[in-house]
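Taking it in order: structure first as structure tokens, then the write-up.
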Amino acid sequence: MKSHIQGILFVLFTLFGISAAWGQQTVTVKGRVMNAETYEAIPYASISIIGTSKESGASSTANGTFTLSLPSNLNKLRISSVGFDTEEFVVTRDNAGNAKIFLFPSNKIEEVVIKRPRRGKYSNKNNPAVELIRKVVEHRDQNRLTGQSFAEFNQYEKISLGLSNLDAKFKNKKVFKKYQFLFQEDDTASVNGNYVLPAYMEEKFSKVYYRKDPNAKKQYVMAEKKAQFDSKFVDNDGLSKYFNRLYDEVEIYDNNIEILTNQFLSPIANSAPTFYRFYITDTIKTTQPNLVELSFFPRNKNDLLFTGKLYITLDGNYAVQRAAMTVADDINLNFVRDLDIELAFDKDHNNKFYLSKSSLGIDFAITGKGKGIKGKRVVLINDYQQGLQRPDSTYLVPDVYVVKKEEEIEAEPESYWATLRPEPLSKSESLIYHNIDSLQQMPSFRTFMDISALLLSGYKQAGPVEIGPVNTFYSYNPVEGFRLRVGGRTTDRLSKRFYLEGYTAYGFDDQKWKYFLAGTYSLNNKSIYNFPQHYIRVSASYDTKIPGQKLEFIQEDNVLLSFKRGENQSYLYNEEYRVDYKVELSNNFSVTAGLGRWKQTPAGVLSYRLPQADGSFNNLPHLQSTEFNVGLRYAPKEEYYQGKLYRTPLFNKYPIFHMNYTAGVKGLFGGDYNYHSLSADIFKRFYLSQFGYADVNLDGSYTFGSNIPYPFLNIHRANQTYAYQLQSYNLMNFMEFVSDHHASINVQYYMNGFIFNKIPLLKKLKLREVFSFKGVYGGLRDSNNPSLNNEVFAWQTNGKGEQSSFTFGSEPYMEASAGVSNIFKILRVDLVKRLNYLDNPDAPEWGIRARIKFDF
């Protein structure tokens, strides 16, 4: 007779496993469900608690692991899975954290094991599983939070990350001799002797209030705790936002679930039967209400879809009671080795199910078996109430409202946190905060971080000063020849109020010194590089510039930009003195204002030629203006990671608006001209579910005034480097098009491999297709057009004496590209075609441009 195996110890902690001491009100049971004959993991097995009056249980993950909170007065679990005999498991003090459960294959159903049929045999028609999922979709709104008029609950969130898949050989390397206290055994691994190195921990406890009409969801943060790194190396707030974006909340009732900046179609989306196959694989009558186990698989395993199981209630509400999901190995998702989602729903006082637990675990790695980064986000919800209306003031605060000041939250003792956590931290988790504090006191680690900051940001730490950026120390251009530059800036270690930055450079051909010096005073006693910024800045500079070149995320004298196509000899010597003011509000609305005096001296082949009556030209040595500007920017719910030089935006579904007004004032500080200019642009990312996403940018401008020389008009953004620039025209020459009014569109469409995933070779390489279109149209009024008015500067000419600057004719300038991204997981290469104005001097019709783009 077959004997049942149970009570075998199996050490199984996740990266930051949740464990509770025996003797608490609840005990955390952790284990793995396995096939008794093959020792293989059994995914999505049902684990229920025997003796509970309400539904309670869990489901094993794709790796067979599970975590379950068990009341201390109960000690039996029932484990079941289709194709296996149901087992009962007795929980003891010794095996609670190390349960290894074996299920025996059932002989009774060997002839009726459900298998995925061949593609041609599956049909949605007369399919009870599809009919069931349509019932779930039909009842979706009433079963989700947004279906309630009012709701409120306590929410506890925890994110933990660390290096994973580390073997003993790696752990015992000489370089880690002083760091052994950091390593923890990873018993979730399939082989023994694996370790993880915990590196980050974050907790947050909030009270959440929801109102349907008018819609509002407000999160009152009552307590927050993070593993803080030295701010001179890391933007801790930005790091937190980035991790929260990677491990975003999973809302299964949404049509699309956003994970890792990608959208996955939910298995209960309106169009789910078109993309998924559904099977009824079990009915569960041991709970009330009874449940149907619904398994689902992608029709095309290469699409961004889930695979897993849903447990649907048979009480007429067709609510999701549990969900366990993962993704196929073949999908085009960078660096992801494993992904698991577990959702659990409990009943409220009205017998409606609400999300009580959400767990998202992702293991990142460059290779399938190499070292990686394993992370997990857990959200626990309790004290859920619906129908309780609060005063309007409750719903008028920011979406995320911090109740206490940052220093008050940080000062909260551990005993306070113990009262907030629905589940206690495991021993390894509780050590993370202390270990990271200890780590940062070690000289060798600080040296490592210093070198890393230099390589990643380009700045070398020197006490309260940073020297850099190092990639601008050397460059070349045809006016200056070889150029050397050295610069730096102060940090908040010197002062949180006053900041200095500057550089000096020397060109060996023109034998001229250039400089930049700025002093910035913070008006909110915070770093001027962190949100929200509020400062006033005074600056003076003298340097070279190419008119119309506006680069993204790189310095203009970056050594990599020394290589350009076509003629590259139109330069300016800019002498500029400015006063600037900026304030950012908590709702992501910002205001900028500035006053500056700008003296432009042409260099290279650039010249300011004023036509004379006898047909000759009078070359002006320089042009001077005094400008006042005001800018407004609104970016709803914007988040980003703040680097040393630039903010890296974490785009969301909301548009970004920007408006700017500039006025040139004649006679003020030597200004030569009066003019007024208005510009506006809007950026929006459109998520297209399985078809990727598109970034669309619209902008326009209008310059008021007459007899205005072209240097004060709109010189359209051109790019003569070999790098693909998102916001520039990649086959337009510098200073080629000038206008005093214009409108433009820029579309970048990323299909995320939707086409390539269906082509065998490209699918294996995990390449992705990308398309773009850029068009700009405008013109010059007669009074500002050098072809029609001799009182403004003549058109610019190149080194051959040919006219090289123009305005638009009867059609817009257009260019389009088709490219391949995700080459080596980071490189995008585009074939760009210029569609018109090919008769202009040195106008290229085709070009290949490349761009480094790190994405998931």
Side-chain angles (χ1 to χ4, degrees), residues 261 263 548-554 588-590 592 629 631-640 646-662 677-688 691-703 713-719 721 723-732 734 736-752 768-779 808 811-819 821 828 830 832-836 847 849-855:
T261 70
Q263 284 196 330
Q549 183 183 45
K550 297 179 182 179
L551 301 174
E552 305 152 27
F553 308 117
I554 45 181
N588 297 108
F589 181 82
S590 62
T592 57
N629 69 279
L632 306 175
R633 185 176 184 272
Y634 181 48
K637 303 182 186 297
E638 182 180 47
E639 293 181 326
Y640 48 80
Y646 305 101
R647 292 175 174 178
T648 301
L650 307 176
F651 290 119
N652 54 38
K653 63 182 179 180
Y654 299 98
I656 299 174
F657 305 91
H658 181 253
M659 294 183 63
N660 191 74
Y661 166 73
T662 301
S677 177
L678 282 173
S679 64
D681 65 77
I682 179 172
F683 169 87
K684 175 77 168 69
R685 172 165 288 184
F686 293 90
Y687 291 98
L688 306 173
F691 301 99
Y693 64 91
D695 289 341
V696 179
N697 198 90
L698 303 174
D699 73 86
S701 69
Y702 196 94
T703 301
L713 302 178
N714 192 353
I715 301 175
H716 292 279
R717 299 179 67 157
N719 175 31
T721 73
Y724 186 92
Q725 289 288 314
L726 294 177
Q727 300 302 326
S728 299
Y729 299 95
N730 289 285
L731 295 186
M732 183 185 290
F734 293 136
E736 185 176 356
F737 288 97
V738 180
S739 69
D740 58 17
H741 59 281
H742 91 280
S744 70
I745 183 171
N746 179 355
V747 179
Q748 302 285 326
Y749 178 30
Y750 304 87
M751 292 195 74
N752 282 347
R768 301 174 182 173
E769 56 286 277
V770 57
F771 306 94
S772 76
F773 173 80
K774 300 177 182 179
V776 55
Y777 187 61
F808 300 99
E811 60 185 11
Y813 170 89
M814 296 179 290
E815 64 180 41
S817 72
S821 67
R828 166 183 173 177
D830 282 70
V832 188
K833 179 174 173 57
R834 177 167 166 158
L835 302 178
N836 52 3
R849 302 291 178 266
R851 177 179 178 84
I852 299 295
K853 183 177 185 290
F854 176 85
D855 202 355

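Residue indices begin at 1 and follow the sequence shown.
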Exercise. Please report the shortest heavy-atom distance between Pro655 and Pro636, naming the atom on each side.
Key: O-CD, 3.0 Å
Quiz item: OH of Tyr813 to NE2 of His716: how many Å apart, nearest 0.5 Å?
Solution: 11.5 Å
Exercise. Supply the atom-to-atom distance Ser772 OG to Asn746 CG, rounded to the nearest 0.5 angstrom.
Key: 7.0 Å
Quiz item: Are the side chain of Asn836 and the backbone N or O of Pro812 linked by a donor-acceptor pair below 3.5 Å?
Solution: yes
Quiz item: Could you go step by step and tell me if Leu835 and Phe773 meet the side-chain contact (heavy atoms from CB on, under 4.5 Å) rule?
Solution: CA-CA 10 Å; Leu835 302 178; Phe773 173 80; 4.3 Å; yes
Practice problem: Would you give the length of the straight line joining atom CG of Asn719 to atom CZ of Arg717, rounded to the nearest 0.5 angstrom? | Solution: 10.0 Å
Quiz prompt | Short N-O contact, Glu815 and Arg849, less than 4.0 angstrom | solution = no
Self-check item: For the student: nearest non-hydrogen atoms of Ser739 and Leu713, plus distance
Solution: O-CB, 3.5 Å
Practice problem: Check Asn714 against Ser701 and note the closest heavy-atom contact, atom names and distance. | Solution: ND2-OG, 3.3 Å
Quiz item: Is a side-chain donor or acceptor of Asn752 paired with a backbone partner of Arg768 at a separation under 3.5 angstrom?
Solution: no
Quiz prompt | Donor-acceptor pair, side chain of Asn629 and main chain of Asn660, under 3.5 angstrom | solution = no
Exercise. Look up atom OG1 in Thr703 and atom NE2 in His742, then write down how far apart they are to the nearest 0.5 Å.
Key: 9.5 Å
Quiz item: Just how far is it from atom CG of Leu726 to atom OH of Tyr724, taken to the nearest 0.5 Å?
Solution: 6.5 Å
Self-check item: Contacts of type side-chain contact (heavy atoms from CB on, under 4.5 Å), residue Phe771, not counting sequence neighbours
Solution: Tyr749, Met751, Glu769, Ala818
Exercise. Please identify each residue that fulfils side-chain contact (heavy atoms from CB on, under 4.5 Å) with Asp695, with sequence neighbours left out.
Key: Phe683, Arg685, Tyr693, Gln748, Tyr750
Quiz item: So, for Asn730 and Ala723, which heavy atoms are closest and what is the spacing to 0.1 Å?
Solution: OD1-O, 3.6 Å
Quiz prompt | Pair Ser817, Asp830: side-chain N/O donor-acceptor within cut-off below 3.5 Å | solution = yes
Quiz item: When rounded to the nearest 0.5 angstrom, what distance separates OG in Ser728 from NZ in Lys774?
Solution: 6.5 Å
Exercise. Indicate yes or no for a side-chain donor-acceptor contact from Lys684 to the backbone of Lys653 under 3.5 Å, with no hydrogens or angles considered.
Key: yes
Exercise. Would you sort out whether Glu639 and Asn652 count as a side-chain contact (heavy atoms from CB on, under 4.5 Å), showing the intermediate values?
Key: CA-CA 8 Å; Glu639 293 181 326; Asn652 54 38; over 6 Å; no
Exercise. For residues Phe808 and Phe737, establish whether the separation of their ring centroids is below 6.0 Å.
Key: yes
Quiz item: What pairs with Tyr661 under side-chain contact (heavy atoms from CB on, under 4.5 Å), at least two apart in sequence or on another chain?
Solution: Ala663, His676, Leu678
